[in-house]
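Both counts, for ligands and for their atoms, begin at 1 and track the order of listing.
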Amino acid sequence: MRPGQRVLVHAAAGGVGHLAVQIAKSRGAYVIGTASAPKHDFVRALGADEMIDYRSVDFAEAVKDIDVVLDPLAGETRARSLNILRPGGVLVSLLYGGSPDEEQRAAVLGVRVETLLVEADHAGMNAIAGLVEAGSLRAHVEATFPLAEAPKAHALGESDRTSGKIVLVVTEPASAEL
Ligand SMILES: NC(=O)c1ccc[n+]([C@@H]2O[C@H](COP(=O)([O-])OP(=O)(O)OC[C@H]3O[C@@H](n4cnc5c(N)ncnc54)[C@H](OP(=O)(O)O)[C@@H]3O)[C@@H](O)[C@H]2O)c1
C-alpha cells in the first residue's frame with residue numbers, strides 16, 4: 001500500500017475493519033469505510049476519511065477508482081467490490097469462496113483477487129507493535145468475558161453487529177492452587 005492510494009474497508013467498525021482503517025491510514029492511504037450510520041463517528045475517529053452507510057447507500061454506486069478493497073464479508077459484497085476497483089487494483093478477501101466467474105470477471109476488469117489467511121510473523125508483529133507504541137493503532141474492546149462465559153462471547157460475536165474486539169480473559173490459577 002502506497003501513500004495516496006484509495007482504500008475501501010468493508011465492515012470498518014468490526015474487529016478486523018477498525019484495525020485495518022488505522023493501519024491503512026498510517027500508511028498514508030485515503031480511507032473509505034462501510035458501516036451503518038450510528039458507527040460512522042467511531043470509524044472516523046480512527047482515521048477514516050469517508051464513510052458509506054451500506055444500509056442506505058449502494059457502495060458500488062458511491063465510489064470508484066479504488067486501489068485496495070479489504071473485504072471481511074464475502075458473498076455479494078465481494079462480487080460487487082470488483083466493479084469499484086481501478087485497473088490494477090486488488091480485492092483482499094478474508095474469506096474463501098468467491099463466485100465461480102470471479103476469476104474471469106477480474107481478468108476482464110484488469111484487477112486481482114487475493115484471499116488472505118493472516119499469519120503472524122516477526123516483522124509484521126514488530127510493525128504493529130511500533131504503531132501501537134506510536135499511538136497510531138489501538139484496539140477497541142466492545143466487551144470482555146471470563147473464559148467460563150465463552151459461549152456468551154461467541155453469541156455476541158455471531159451477531160455481526162459488534163464494534164471492535166471481544167476479549168476472553170483467561171485467569172491464571174493462584175500459585176497456591178497449583
Ligand atoms: N482470513 C483471516 O485470516 C481472518 C482473520 C480475522 C477474521 N477473519 C474473518 O473475517 C470476518 C470478519 O471478522 P470481524 O471480527 O471483523 O467481524 P465482526 O467484528 O463480527 O464484524 C462486525 C461488523 O460488521 C459490520 N457489518 C455487518 N454487515 C455489514 C455490511 N453488509 N457492510 C458493512 N459492514 C457490515 C457491522 O456493522 P453494523 O453493525 O454497522 O452493521 C459490525 O460492526 C469473519 O468472518 C472472520 O472469521 C478472517
Check step by step if salt bridge (charged side-chain N to carboxylate O under 4.0 Å, His left out) holds for Asp67 and Arg2.
-> CA-CA 10 Å; Asp67 294 286; Arg2 292 188 303 279; 5.7 Å; no

Ring center gap for His140 and Phe42 short of 6.0 angstrom =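 Ring-ring flag for His140/Phe42: true, centres closer than 6.0 Å.
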
Hydrophobic side-chain clustering at under 4.5 Å (ILVMFWY, transitive links): who's grouped with Ile166? Put none if nobody.
->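 Result for Ile166 is Phe145, Leu147, Leu156, Leu168, Val170.
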
Hydrophobic clusters join Ile, Leu, Val, Met, Phe, Trp and Tyr when side-chain heavy atoms are under 4.5 Å apart, directly or via other members; which others share one with Leu19?
->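 Other cluster members: Ile23, Ile128, Leu131, Val132, Leu137.
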
Pairs under 3.5 Å, nitrogen or oxygen of ligand 1 with protein nitrogen or oxygen:
from	atom 1	to	atom 2	distance (Å)
ligand 1	1 (N)	Leu94	O	2.9
ligand 1	1 (N)	Leu116	O	2.7
ligand 1	3 (O)	Val118	N	2.7
ligand 1	16 (O)	Gly15	N	3.2
ligand 1	16 (O)	Val16	N	2.8
ligand 1	19 (O)	Gly15	N	2.7
ligand 1	28 (N)	Arg161	NH2	3.4
ligand 1	39 (O)	Lys39	NZ	2.6
ligand 1	39 (O)	Arg161	NE	3.1
ligand 1	40 (O)	Ser36	N	2.9
ligand 1	40 (O)	Ser36	OG	2.4
ligand 1	41 (O)	Tyr54	OH	2.3
ligand 1	41 (O)	Arg55	NH2	3.2
ligand 1	41 (O)	Arg161	NE	3.2
ligand 1	41 (O)	Arg161	NH2	3.0
ligand 1	43 (O)	Lys39	NZ	3.2
ligand 1	43 (O)	Thr162	O	2.7

Using the test side-chain hydrogen bond (donor to acceptor under 3.5 Å, both in side chains), find all partners of Glu119 that sit at least two apart in sequence or belong to another chain.
->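 Expected list: none.
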
Shortest non-hydrogen contact between Arg78 and Thr115, atoms and distance =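 That closest heavy-atom pairing would be NH2-OG1, 3.5 Å.
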
